[in-house]
Structure formats: structure tokens, C-alpha cells
Amino acid sequence: MHTQTLTLLPSAPGITHQLTVHRFGREGAGPKALIQAALHADEVPALLVAQRLRQRLAQLEAEGALRGQVLLVPYANPAGLAQQVLGRHHGRFDLRDGLNFNRGFADLAPAAAKALAGHLGSNAEANVQLVRDALCGAAAALPAKTTVQDMKRRLLQLAADCSVVLDLHCDAESVLHLYALTPQADIAQQLSALLGARAVLLATESGDGPFDEACTRPWHLLQQRFAGHPLPLGCFAATVELRGEADTDHALAAQDAEALLAFLQHRGVLAGTPPPLPAPRCVPTPLSASEPVVAPHAGVVVFLRAPGDTIAAGEAIADLVDVDSGAVTAVRAQSAGVLYARVATRWATPGMPLAKVAGTTLQRTGNLLGA
């Protein structure tokens with residue numbers, strides 16, 4: 001294992017943040033993977049899984065079991081880790097400007113397309129390498145004026161030439177679920193089966209530039225732009241939601257780490273015979289059909305259904321109790337599907353999302369991800 005420390009642009013005189021990158025295996029020996037934890041810095045289960053991965057990858061490296069290279073970023077957002085307000089950690093939004101740490105990643109496709117013009121040929125493998133080189137060049141040229149811009153630039157630079165990118169997160173209260181690119185549904189289903197995910201949400205553009213799409217969507221766009229040349233999608237990326245915020249458990253962390261390593265084995269990053277795929281626990285569904293169930297007014301939230309429950313269309317998932325009148329409003333899901341996440345708070349304000357249902361009948365447009 002080789003550990004690299006990347007010092008980010010200072011946020012103020014005397015205040016700097018650093019990204020730690022653990023590198024396992026040899027550069028150029030085979031497929032390259034990046035696994036990063038807690039880009040939303042208060043999503044702690046990812047931090048625990050990363051520590052388990054560090055131990056296991058060091059062991060596998062010592063055994064000569066790495067065909068390629070694995071980069072592990074054990075905490076992807078040191079700036080967010082440091083954010084405390086009145087004794088509470090706030091790691092999802094940048095307190096400097098209120099922006100979501102997992103939004104606004106740069107689109108590398110235009111610069112890469114410019115560099116690739118006139119260079120792609122009839123050899124798919126050679127084209128993939130040319131695209132990787134172009135994406136690395138585009139990432140290296142990204143500007144940055146703030147600590148967080150520099151952090152996002154560095155993370156894209158690490159991921160630009162990777163075959164596999166896994167971005168580890170969690171939700172408030174949830175079952176394990178994934179977000180991935182629609183054309184990569186089959187690979188996402190492999191990862192889903194190994195992890196035992198209860199929902200896989202697919203999109204070609206979810207909006208606002210999350211990290212996983214910043215890694216995969218340029219391949220999709222370049223494939224369309226250069227349709228006359230053979231160009232496979234050279235990177236699979238997914239956002240892995242490791243259940244809920246309170247699910248920091250040694251046994252779960254070990255289980256999830258082994259599932260992620262098994263996936264890397266299936267993708268050729270690790271040596272050995274991959275384990276057989278378990279039966280998947282869900283069918284991938286469009287992110288556009290997922291339903292954010294919102295509160296119609298303020299009140300006390302009393303949930304009637306839990307994450308992992310299968311919901312019928314029109315079924316009440318919570319009661320909302322008015323604190324003036326005591327009146328109870330049933331909050332219902334429009335579509336049938338799996339309730340895969342819900343909020344951790346039990347006080348709702350008007351229009352507040354309370355839960356998410358992975359359905360098939362809705363056709364939402366615009367930004368498909370929550371705040």
C-alpha cells in the first residue's frame with residue numbers, strides 16, 4: 001500500500017484540508033478502480049466500510065491478489081468532516097455557500113471530445129485508452145478557486161481513468177440501494193445482487209452533476225458523439241447507499257466490504273474465481289419513476305411503513321398530526337413500489353420530503369435527485 005496526501009487549496013490563512021489516497025496494486029497492471037467514502041461527510045457508515053476495505057485490500061495486496069490497482073479514499077470530503085454548527089455535524093452542504101457537496105461536478109465530455117476529434121479509429125480497445133487519456137487531460141485542466149472546487153477537481157482527477165468507481169454514501173433511514181447509469185443496468189444488477197440491494201435507480205442524467213455521473217456520463221456522451229467508431233462504456237460508476245445514518249455496525253461493514261471486493265473480482269480488478277452471484281433482491285427501476293412522498297402541511301410524523309416494505313399505490317405510509325387541532329392526515333404514496341428511504345426527523349414542514357418509493361409508473365422530469 002502506498003499512501004498519498006493531497007493538500008487542498010486553503011480555505012483561510014492557516015486552515016488547510018487534505019485528501020488521503022491509499023493505493024493498492026500497480027499502476028497499469030490491469031483495470032483500475034476507485035472507491036471513495038462519505039462525499040457527504042456526515043454519512044458515517046461509508047467511513048466504517050472504508051476502514052474495513054483498507055484492511056482487506058492490504059491483505060489482498062500482500063497475497064498478490066490484485067490484477068490491477070485500487071485507489072481508496074477513506075474520507076472524500078475533509079472540509080465537510082470539519083463542519084460543526086452548535087455541536088452538530090453538517091456534512092451534506094457546504095456552509096460557505098449552501099451547495100450540496102455531491103452536486104456540480106464538472107462535465108469532462110466537451111473538452112475530451114475536442115481532444116479526441118480526428119483521433120479515434122476502428123479498434124475499440126485503443127479508442128477506450130484514447131478516451132481515458134482525454135478525460136485525464138480534461139480533469140487536469142479543471143480550474144479551482146476554493147477548497148471545495150479543488151476537492152471536486154482532485155476527486156475527478158483520481159477517477160478519470162478508472163474502470164470502476166464506487167461512491168459510498170448512506171441515506172437517513174433506508175435499506176441498501178444504488179444509483180447508476182441506465183445503459184449499465186446489467187452491471188448495476190451484479191453489484192446489487194452482491195450487496196443485497198433493495199432498489200437500483202437508473203438514469204442517463206439525474207441533474208445537477210453528481211460525482212458518479214461525472215465519471216460515467218462523459219463516456220455515454222462521447223459514445224453518441226463518435227457513433228461511427230467502436231467505443232464501449234469504459235467506466236462503471238455507482239452511488240452505493242449503505243442503508244441509514246445509524247447503521248454503523250462492524251458486522252455490516254465487513255459484509256459490505258466483502259461484497260464490494262467480490263464485485264471488483266467480477267470486474268477483473270482482483271484475481272481469483274469470482275463468487276457466484278446471489279439472486280437479486282430487486283429489479284432496476286428508472287430514477288424518474290421514484291416518488292418523493294412529501295408532507296402536505298406541518299406536523300408530527302408517525303410512520304406506518306418502514307424501509308424495505310412493498311407499498312401499494314394509494315397506501316398510507318405515514319400519519320401527519322397537526323399540533324393545533326390534533327387532526328391526523330394520512331400521507332399516501334401515488335405509486336406502487338419499495339419504500340427504500342425515509343427521513344430521520346419526526347417533525348415535518350410543508351412540502352418536506354418524508355420518504356422515497358422506487359416505483360415504475362411516474363415520469364418525473366428535471367432534477368431527479370433530492371437536495
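Worth knowing before you read on, the calculation uses all heavy atoms, side chains too, and leaves out hydrogens, waters and symmetry mates.
- In terms of modelled atom types and a separation under 3.5 Å, the side chain of His177 and the main chain of Ala197 share no donor-acceptor contact.
- The shortest side-chain heavy-atom distance between Gln51 and Leu47 does not fall under the 4.5 Å cut-off.
- Counting heavy atoms from C-beta outward, Phe24 and Leu60 have side chains that stay 4.5 Å or more apart.
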| query | Run the side chain to side chain contact (heavy atoms under 4.5 Å, CB included) check on His90 and Gln84 step by step: do they pass? | reply | CA-CA 6 Å; His90 293 268; Gln84 296 278 332; over 6 Å; no

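- For the pair Val343/Met352, a side-chain contact is recorded, criterion being any heavy-atom separation below 4.5 Å from C-beta on.
- Using a cutoff of 4.0 Å between basic side-chain nitrogens and carboxylate oxygens, Glu291 and Arg364 are not scored as salt-bridged.
- Cation-pi geometry between Lys356 and Tyr340 is not met at under 6.0 angstrom from the ring centre and within 45 degrees of the axis.
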Could you go step by step and tell me if Ile317 and Ile311 meet the side chain to side chain contact (heavy atoms under 4.5 Å, CB included) rule? CA-CA 8 Å; Ile317 64 164; Ile311 307 300; 4.0 Å; yes

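- Look at Asp309 and Arg305 and you find a salt bridge, because one of the NZ, NE, NH1 or NH2 atoms lies within 4.0 Å of a carboxylate O, short of that distance.
- In this model, no donor atom of one side chain and acceptor atom of the other lie less than 3.5 Å apart for Arg154 and Gln157.
- Within the 3.5 Å criterion, the main-chain N or O of Thr7 finds no donor-acceptor partner in the side chain of Gln18.
- A side-chain donor-acceptor contact under 3.5 Å links Gln83 to the backbone of Phe93.
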Would you sort out whether Leu369 and Tyr179 count as a side chain to side chain contact (heavy atoms under 4.5 Å, CB included), showing the intermediate values? CA-CA 10 Å; Leu369 299 170; Tyr179 297 88; 4.0 Å; yes

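- If you check the side chains of Thr239 and His169, you find no donor sitting under 3.5 Å from an acceptor.
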Between Leu320 and His297, is the side chain to side chain contact (heavy atoms under 4.5 Å, CB included) condition met? List the steps. CA-CA 8 Å; Leu320 199 57; His297 57 76; 3.7 Å; yes

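- Proximity of a side-chain donor or acceptor of Gln223 to a complementary backbone N or O of Leu231 within less than 3.5 Å is detected.
- Looking only at atom types and distance, the side chain of Ser163 has a donor-acceptor partner in the side chain of Arg132 under 3.5 Å away.
- Under the 3.5 Å distance criterion, with hydrogens and angles disregarded, a donor-acceptor pair is assigned to the side chains of Asn100 and His40.
- Put simply, OG on Ser288 and CG on Leu368 are 6.0 Å apart, with the number rounded to the nearest 0.5 Å.
- Arg54 and Glu61 are not joined by a salt bridge, as no carboxylate oxygen comes within less than 4.0 angstrom of a charged side-chain nitrogen.
- Looking at heavy atoms from C-beta onward, Asp322 lies out of side-chain contact with Thr329 at the 4.5 angstrom threshold.
- You'll find the side chain of Gln36 reaches within 4.5 Å of the side chain of Leu34, heavy atoms only.
- Side chains of Gln69 and Arg26: a donor-acceptor N/O pair is absent below 3.5 angstrom, by distance only.
- Partner Leu242 forms a side-chain contact (heavy atoms from CB on, under 4.5 Å) with one of Val49, Leu48, Leu252 and no other, that one being Val49.
- Here the side chain of Asp167 pairs no donor or acceptor atom with the backbone of Val240 at under 3.5 angstrom.
- Within 6.0 Å of atom CD in Glu63, more than 12 heavy atoms from other residues, nucleotides or ligands are found, so the atom counts as buried in its surroundings.
- Side chain of Lys152 to main chain of Asn102: no donor-acceptor pair is present (N/O by atom type, distance under 3.5 Å, no hydrogens or angles).
- Panel note: side chain Arg198, backbone Val338; no donor-acceptor pair is recorded below 3.5 Å.
- At a threshold of 4.5 Å between non-hydrogen side-chain atoms, the residues Asp42 and Glu245 do not count as touching.
- Using a 4.0 Å cut-off between a side-chain N of Lys or Arg and a carboxylate O of Asp or Glu, Arg243 and Asp256 qualify as a salt bridge.
- Salt-bridge formation is detected for the pair Arg92/Glu43: a Lys NZ or Arg NE/NH1/NH2 atom is positioned less than 4.0 Å from an Asp or Glu carboxylate oxygen.
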Exercise for review: Using the ring-ring contact (aromatic ring centres under 6.0 Å, His included) rule, take Phe101 and Phe211 through it: C-alpha gap first, then chi angles, then the decisive distance, then the call.
Suggested key: CA-CA 9 Å; Phe101 284 116; Phe211 177 75; over 10 Å; no

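- Leu135 is not listed as a side-chain neighbour of Leu156, based on a closest heavy-atom distance of 4.5 Å or more.
- For the atom pair CG (Leu176) and SG (Cys170), the distance works out to 10.5 Å, reported to the nearest 0.5 Å.
- The side-chain tip of Arg342 points at the ring of Phe303 from less than 6.0 angstrom away and within 45° of straight on.
- Side-chain atoms of Thr20 and Tyr75 form a donor-acceptor pair, as typed in the model, at a separation below 3.5 Å.
- No more than 12 heavy atoms of other residues, nucleotides or ligands shown are found within 6.0 angstrom of CG on Asp186.
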